[in-house]
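See below for the structure under consideration.
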Protein chains: 2
Amino acid sequence: MTTDPTQPPSTSASSVSPTSRPAGESHVTLADVAEAARVSLATASRVFSHPQLVRESTARRVREAAQRLSFRPNLLGAKLRSQQTRILGVMLPTLENAVFAECWHGIEQAAMAEGYSLMLVTSGYEAERERERVEYLLRHRVDGLVLTVADATRSAVLDQLDAEGVPYVLAYNQAAEDGMRHSVSVDNRTSASEGVRALIAAGHQRIAVVSGAFMASDRARQRYAGYEDAMHAHGLQPLPAVNLPSHIASPAVHAGAQIGALMRAPAAPTAFFCTNDLLAIGLISELKRLGLRVPRDVSVLGYDGIALGALVEPPLATVVQPNADIGTQAVKHLLARLHTVAGRTAAPVTLLPHGLRVTGTVAAPPDTTTNLP
Amino acid sequence: MTTDPTQPPSTSASSVSPTSRPAGESHVTLADVAEAARVSLATASRVFSHPQLVRESTARRVREAAQRLSFRPNLLGAKLRSQQTRILGVMLPTLENAVFAECWHGIEQAAMAEGYSLMLVTSGYEAERERERVEYLLRHRVDGLVLTVADATRSAVLDQLDAEGVPYVLAYNQAAEDGMRHSVSVDNRTSASEGVRALIAAGHQRIAVVSGAFMASDRARQRYAGYEDAMHAHGLQPLPAVNLPSHIASPAVHAGAQIGALMRAPAAPTAFFCTNDLLAIGLISELKRLGLRVPRDVSVLGYDGIALGALVEPPLATVVQPNADIGTQAVKHLLARLHTVAGRTAAPVTLLPHGLRVTGTVAAPPDTTTNLP
DNA sequence: ATGAAAGCGCTAACAA
DNA sequence: TTGTTAGCGCTTTCAT
């Protein structure tokens with residue numbers, strides 16, 4: 001398979017014997033292929049990049065030679081020369097939250113379909129790491145970026161990207177309508193508001209919000225604003241957010257105390273709105289540990305619509321984002337930007353439709369004033 | 001920041017004015033930096049790759065020039081020339097299963113620590129896509145691969161990798177002790193056996209296995225073998241595996257019928273061993289839908305130890321794999337291989353310790369013979 | 001339709 | 001310690 005005796009010896013003093021190559025490195029270059037096919041390097045190159053420029057019979061000869069020699073193009077050379085890598089950089093906070101894993105799926109799908117490769121880095125919601133990881137991607141000369149930052153309103157990395165004119169599209173972060181940043185997301189505020197309205201419609205009045213650490217993310221804040229909207233619209237008093245340590249809803253040891261105290265208080269909430277599904281799942285288990293039944297004693301509404309939410313019992317009520325589609329659209333949007341000659345690509349901010357899944361963990365509030373048995 | 005008037009005009013006819021560069025592309029090359037710092041290209045290069053070879057005062061001058069010009073090295077050039085990319089290819093089945101997301105975390109951590117970048121692709125457990133995606137990585141001239149294949153015992157992609165001598169380390173797939181493939185995993189068979197023994201110790205005798213579609217994965221088969229071991233060791237009759245459609249335990253509509261029938265049968269199982277946690281979570285919700293209480297009526301044991309399992313209520317009993325560590329060790333092992341001069345790196349197969357979390361969803365079996373109320 | 005030649009940005013001998 | 005000089009593998013004018 002490696003050596004083919006039927007192959008006539010090349011005219012020039014072809015020196016490289018196949019066996020002299022280090023194992024694991026097919027050091028077959030396009031030049032080798034060209035020589036084997038008795039065409040010039042340029043023609044061989046064209047066969048793969050601009051097939052229409054070369055006669056079919058010639059092309060076939062080249063392709064056969066390539067096959068015979070197990071030629072594998074070295075994309076590095078191509079990219080260096082052509083000054084475009086066809087690599088997209090992707091920065092997500094973490095993959096351990098299924099939201100982003102699902103989004104990645106969409107991103108990969110779209111990129112593959114368009115012949116782009118991906119370089120993925122995660123930031124862990126840390127600003128410093130965001131900078132570092134993006135710099136990293138930039139050094140690889142990615143053509144553009146799809147990224148989710150912790151807080152788009154105060155992001156050093158975004159400012160830098162803007163300053164350098166690097167093309168990027170935000171995913172999940174919802175850019176200001178009047179700004180010049182491009183983003184693909186749902187309408188966080190509106191969708192959250194709708195979710196909370198559904199809670200109110202179910203009869204709840206004392207609704208608390210559970211959010212990640214100090215609402216460090218812009219989305220958490222936007223969703224909280226949506227909560228306030230809904231509460232105010234119904235003449236209800238918004239409660240200050242309960243901040244839980246991590247987005248990943250850690251073993252909830254600390255959460256336990258906080259939630260326990262809250263539920264024992266005179267006017268304990270009858271429903272919770274969590275700014276993401278993981279938090280919701282963690283909260284529910286904490287509530288159960290407290291001896292409360294969900295949704296009979298307390299209702300819980302999440303946000304994200306991760307697949308897993310539908311698998312738990314009762315199924316998690318939640319505001320559903322089209323996670324994979326957010327990824328897909330972000331890539332498409334970015335590619336559109338890249339392929340447009342520095343022109344305006346329609347609207348910079350795309351708002352995808354959200355959904356509401358109000359079942360399972362949401363029910364009417366109990367009659368009692370205090371919930372603990 | 002871009003132009004610095006204090007900078008003396010360069011000696012040669014330096015033509016490129018900063019403003020002539022296209023926005024978003026810092027076309028500052030090492031040559032520009034060298035010129036600005038009044039050293040040769042080689043010296044400038046050395047400042048970044050082999051700092052010890054250049055006088056500190058010179059190095060500082062170069063670094064300052066680089067800073068001033070916002071020089072960003074083009075890794076493509078470096079990689080092309082040096083013939084090593086310091087990029088590792090990673091292929092995982094999917095990120096939507098938290099097992100792999102957690103593993104990715106370990107991989108990224110380890111790679112970053114060693115100054116390696118990563119290129120991630122997912123295969124969706126499809127053999128054809130495995131080939132295609134790996135070819136893709138190879139064209140990018142990754143230095144090596146960390147990958148999980150659906151079935152290592154019959155893998156076209158692994159055969160190809162072996163034939164070409166590409167360095168790789170398997171994650172999760174457990175290579176044969178006597179083979180020459182490198183892998184990092186837990187001992188699937190032993191750990192599964194231990195899990196099932198714990199079920200038996202709790203008093204269960206009729207234990208069923210729930211696995212993904214047709215046990216297409218080698219791990220599912222190894223774990224089933226472990227189940228058989230445990231059953232035989234106690235003189236119990238292993239049951240044929242219940243195959244559920246997807247690894248991702250889809251809305252379990254089909255599963256419903258299967259599980260329902262099984263539980264209504266005369267000698268219904270009192271416990272289930274699922275070959276992964278997602279399956280277990282899906283199964284539990286199905287069981288609850290059938291009116292069965294877990295663990296009072298039926299016990300469920302998972303496998304994987306994903307973080308989410310500890311968050312649900314009751315917490316999922318499971319065989320715990322050190323997911324992040326599997327990733328970390330796989331990278332370290334691969335790097336060791338890469339840096340060894342074609343030498344043997346100790347043992348090719350690494351077995352990491354597993355754990356057992358037998359709580360929550362596992363309890364003693366009920367007394368009744370049939371479980372449905 | 002094909003070929004010759006000039007690099008893309010960087011590193012690594014080899015000199016000095 | 002620093003500079004000179006070749007390329008790495010490929011694409012792409014510019015000729016023919």
Side-chain angles (χ1 to χ4, degrees), chain A residues 11-12 15-16 21-22 25-62 65-66 69-87 138-141 143, chain B residues 11-12 15-16 21-22 25-62 65-66 69-87 138-141 143:
Chain A
T11 44
S12 74
S15 42
V16 203
R21 290 175 199 129
E25 277 293 334
S26 89
H27 268 160
V28 181
T29 73
L30 230 207
D32 297 332
V33 174
E35 185 184 334
R38 304 171 158 287
V39 295
S40 75
L41 174 58
T43 300
S45 170
R46 280 189 278 254
V47 170
F48 298 108
S49 6
H50 305 287
Q52 72 284 8
L53 293 183
V54 47
R55 189 194 293 138
E56 178 48 33
S57 61
T58 314
R60 185 163 40 247
R61 239 173 48 243
V62 172
L69 302 179
S70 334
F71 168 66
R72 173 174 299 141
N74 184 337
L75 264 24
L76 255 34
K79 291 169 190 312
L80 177 58
R81 169 63 222 233
S82 64
Q83 292 295 82
Q84 62 145 349
T85 56
R86 290 187 81 83
I87 298 181
L138 259 20
R139 290 186 176 196
H140 279 284
R141 291 300 187 270
D143 290 342
Chain B
T11 44
S12 73
S15 42
V16 203
R21 291 177 199 128
E25 276 294 332
S26 86
H27 268 160
V28 181
T29 73
L30 231 206
D32 297 332
V33 173
E35 185 185 334
R38 302 169 159 286
V39 296
S40 75
L41 174 57
T43 300
S45 169
R46 279 189 279 253
V47 170
F48 299 107
S49 4
H50 305 286
Q52 74 284 8
L53 293 183
V54 47
R55 190 192 293 139
E56 178 49 32
S57 62
T58 315
R60 186 162 41 245
R61 242 177 41 248
V62 172
L69 302 179
S70 325
F71 167 66
R72 173 175 296 140
N74 183 337
L75 263 25
L76 255 32
K79 290 170 190 315
L80 178 58
R81 169 63 222 229
S82 64
Q83 293 294 77
Q84 62 145 349
T85 55
R86 290 186 81 82
I87 298 181
L138 259 20
R139 290 186 177 196
H140 279 286
R141 291 300 188 269
D143 290 342

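Reminder, nothing fancy here: chain letters follow the sequence lines and each chain counts from 1. Keep in mind that the numbers below use all heavy atoms, side chains included, and drop hydrogens, waters and symmetry copies.
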- Along DNA chain C, 5' to 3', what are the outermost nucleotides having an atom less than 4.0 Å from a heavy atom of chain A? dA1(C) to dG9(C)

Whole-Å distance between [N] [atom2] and [X] [atom1]?
X      : N       : atom1 : atom2 : result
R38(B) : dT2(D)  : CZ    : P     : 15 Å
L69(A) : dG9(D)  : CG    : P     : 14 Å
L30(A) : dG9(D)  : CG    : C1'   : 8 Å
R61(B) : dT1(D)  : CZ    : C1'   : 12 Å
K79(B) : dC10(D) : NZ    : P     : 17 Å
F48(A) : dT12(D) : CZ    : P     : 15 Å

- Task: Mind running side-chain contact (heavy atoms from CB on, under 4.5 Å) on R72(B) and V28(B) for me, showing each step along the way?
- Result: CA-CA 7 Å; R72(B) 173 175 296 140; V28(B) 181; over 6 Å; no

- Do side-chain atoms of R61(B) reach the backbone of A37(B) as a donor and acceptor pair under 3.5 angstrom? yes

- Task: Would you classify A42(B) as touching base, sugar-phosphate or nothing, given that sugar-phosphate means primed atoms plus P, OP1 and OP2, and contacts are heavy atoms under 4.0 Å?
- Result: base

- Pick base, sugar-phosphate or nothing for L41(B), based on heavy-atom distances below 4.0 Å to the nucleic acid. base

For [X] against [Y], the heavy-atom pair lying closest together:
X      : Y      : value
A34(A) : A44(A) : CB-CB, 3.8 Å
L69(A) : A36(A) : CD1-CB, 4.0 Å
F71(B) : T29(B) : CE1-C, 3.6 Å

To the nearest 0.5 angstrom, please state how far the [atom1] atom of [X] sits from the [atom2] atom of [Y].
X       : Y       : atom1 : atom2 : value
D143(A) : Q83(A)  : CG    : CD    : 10.5 Å
R141(B) : L76(A)  : CZ    : CG    : 8.0 Å
L75(B)  : L138(A) : CG    : CG    : 11.0 Å

- Item | Earlier contact from the 5' end, DNA chain D, for L80(B) and V39(B) | V39(B)

- Message: Tell me whether the side-chain N/O atoms of T43(B) come closer than 4.0 Å to OP1 or OP2 in dG3(D).
- Response: yes

- Query: Are OP1 or OP2 of dT4(D) and a side-chain N or O of S40(B) less than 4.0 angstrom apart?
  - Reply: no

- Message: Run K79(B) and H140(B) through side-chain contact (heavy atoms from CB on, under 4.5 Å) and show every step you take.
- Response: CA-CA 10 Å; K79(B) 290 170 190 315; H140(B) 279 286; over 6 Å; no

- Please evaluate the base of dG3(D) for a donor-acceptor partner in the side chain of R46(B) within a cut-off of under 3.5 Å? yes

- Item | Residues from residues 51-59 of chain A lying under 4.0 Å of DNA chain C - heavy atoms | L53(A), V54(A), R55(A), T58(A)

